[in-house]
Structure formats: structure tokens, C-alpha cells
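Have a look at the structure below before the remarks.
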Amino acid sequence: GRSTCRRKVCARMAKRRERNKGAAGPSARRSKRIKTNDEKAAKEKKRKEEEQQQREEEERQRREEAQERRKQAAAAAASRKSKEAQKKPKKGGKNSVSRKKKKKSKEKSSSGLSDGGMLLPSRNKHGELVFKDHPEFRPNLTPQQVLQAGAFGGSYFRTIRSSVTGTTLKGASQIKEFPKDWFEGLDIKKQVCSSVYDPSVNRYGVRCGGGLDMWE
């Protein structure tokens, strides 16, 4: 009857209370959530610190590598300067005297007064040489200036066999008819009478001009 039902209900409630004794309440669950969040925050903080340390280490390595590269570049530059200093001729040496003579010769010829002892035509406002008998021909350099600057690959006065005259013209003999100061300070074999065209002799270091057959 009723008493039996009441006993059954009480027994169920007792069992339920027994089961709930081991279960966490709202405050316990809240504490657990807070603890979990704290652990996550601590892990995140540790991860960020490790990343920051890694970035700092990489930055330090980059700085050290850059410093090492600068040292190597400075050492290489110093080595180049030392080699260049060793290659430079001593003051007052033969090469120095030769350069002084060449410079003096250039200054003399650029003045427009003489070229190898020959009177030059006048120059116009553009610096061009003006020939009265050939006004259309207006070069801006004299033969001496061209040769001194470096031209024709050093082979303009090379020995040739002329198809026009049928004779062999030796360069070393041909240059004797021109003023000596045209060739002053020049290496005749390399810069004037060379049998091989050498572009490095030219003022701008490039090959230009036509062959003998074109001119003849």
C-alpha cells in the first residue's frame, strides 16, 4: 500500500543522495574551470616566451653573420688596396716620367697652337678644327691627340702589303716622316706598330673601325 510506495521512494532518494556525494557541485566545477583556464594561460605564456627567445636567438645569429661578412669585406678591400699599392710605380720612376711627358705633350697639343711642331688650323666655338681649304672637314682631335689617347687597336702603322701600290710598307719606317712627339711616351710595338689589333689599347677599350681593304 502507501507505506510500501513511500519506502520505495525513500530508498530511491537515498541511493540518489549516495551517488551525488562523489559528484562535484557548482563551486567545484567552477574551480575546475578556473584551474583549467589558468593552466592554458600558463602554457600560452610559456609558448610565447619560447617563441620570443627563439626570435632573439635568430636575430643574434643574423647580427653575428652580418658582422662576419663586414669583416670579410673589409679584409678583402684592404687586400685589394695593398695589391694595388704594390703595383703602383715608385714616385720618380720610369713610368712616372713617361706619364709626365705624355701629359705635357697632350696639354701642348690640346692648346691648338701646334701638333708635332706643325701649325694647326684654328678652332671654332665648338672646339672643332677648321681647315680653310676643306671647311666641311671638322675633326675635334689632332692626329697626335688621337694616338696619345689610344686608337686603332695599336695597329695603325703596322707593316702592310698595299694592293694599290703593290709594295710592302713597314710601319717602323713610315712613322719616321711624322713628328717624334706624336709618339712620345707610347709603346711603339704595342700602341703604334702592333701586328695584332688589341681593343684594350683604345681609349674606350672597344673594337672599332674598318680593315685595310675597306680603305683601299
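All heavy atoms count here, side chains included; hydrogens, waters and symmetry mates do not.
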Completion exercise
Nearest heavy-atom contact between Arg123 and Thr142 is NH2-CG2, 4.0 Å
Practice task
Return the set of residues passing salt bridge (Lys or Arg N to Asp or Glu O under 4.0 Å) with Arg207 (not counting sequence neighbours), or none when no residue passes.
Solution key: none
Fill in the blank from the handout: CD (Gln61) and CD (Glu68) are apart, to the nearest 0.5 Å, by 13.5 Å
Problem - Connected via hydrophobic side-chain network under 4.5 Å: Leu141 and Leu186 - result: yes
Practice task
With rounding to the nearest 0.5 Å, note down the distance linking NZ in Lys45 to NZ in Lys48.
Solution key: 10.5 Å
Practice task
Using a strict 4.0 Å threshold on nitrogen-to-oxygen distance, state whether Glu84 and Arg80 make a salt bridge.
Solution key: no
Exercise for the section: Considering non-hydrogen atoms only, spot the tightest contact between Gly171 and Cys193 and give its length. Expected result: C-SG, 3.9 Å
Problem - Qualifying residues under side chain to side chain contact (heavy atoms under 4.5 Å, CB included), relative to Thr159, sequence neighbours excluded - result: Thr168, Lys170
Completion exercise
In terms of heavy-atom contacts, Trp182 and Gln148 come closest through O-NE2, 2.9 Å
Handout entry: salt bridge (Lys or Arg N to Asp or Glu O under 4.0 Å) involving Glu44 - partner list, sequence neighbours excluded
Key = Arg47
Problem - Interatomic spacing from CZ in Phe157 to CD1 in Ile188 - rounded to 0.5 Å - result: 9.5 Å
Handout entry: Glu59 and Arg63, any side-chain heavy atoms less than 4.5 Å apart
Key = yes
Handout entry: Ile160 CD1 to Thr165 OG1 distance, which is reported to the nearest 0.5 Å
Key = 7.5 Å
Handout entry: Residues forming a ring pair (Phe, Tyr, Trp, His ring centres under 6.0 Å) with Tyr197, sequence neighbours excluded
Key = none
Fill in the blank from the handout: Across all chains, not counting sequence neighbours, the side chain to side chain contact (heavy atoms under 4.5 Å, CB included) partners of Gln52 are Arg55, Glu56
Problem - Point-to-point distance, once rounded to the nearest 0.5 Å, from CZ of Arg62 to CD of Glu57 - result: 10.5 Å
In a table with atom names and distances, give each donor-acceptor pair under 3.5 Å that connects a side chain of residues 125-136 to protein atoms at least two apart or in another chain.
from	atom 1	to	atom 2	distance (Å)
Glu128	OE1	Asn124	ND2	2.9
His134	ND1	Glu136	OE2	3.4

Practice task
Report the distance from atom CD of Gln191 to atom CG of Asp198, rounding to the nearest 0.5 Å.
Solution key: 9.5 Å
Problem - Closest non-hydrogen atom pair between Ser194 and Ser155, with its separation - result: O-CB, 3.1 Å
Practice task
Quick one: closest heavy-atom pair of Phe152 and Asn202, and the distance?
Solution key: N-OD1, 3.3 Å
Handout entry: Side-chain heavy atoms of Val192 within contact of Tyr156, under 4.5 Å
Key = no
Practice task
Decide yes or no for Val201 and Asp187: does some side-chain heavy atom of the first lie under 4.5 Å from some side-chain heavy atom of the second?
Solution key: no
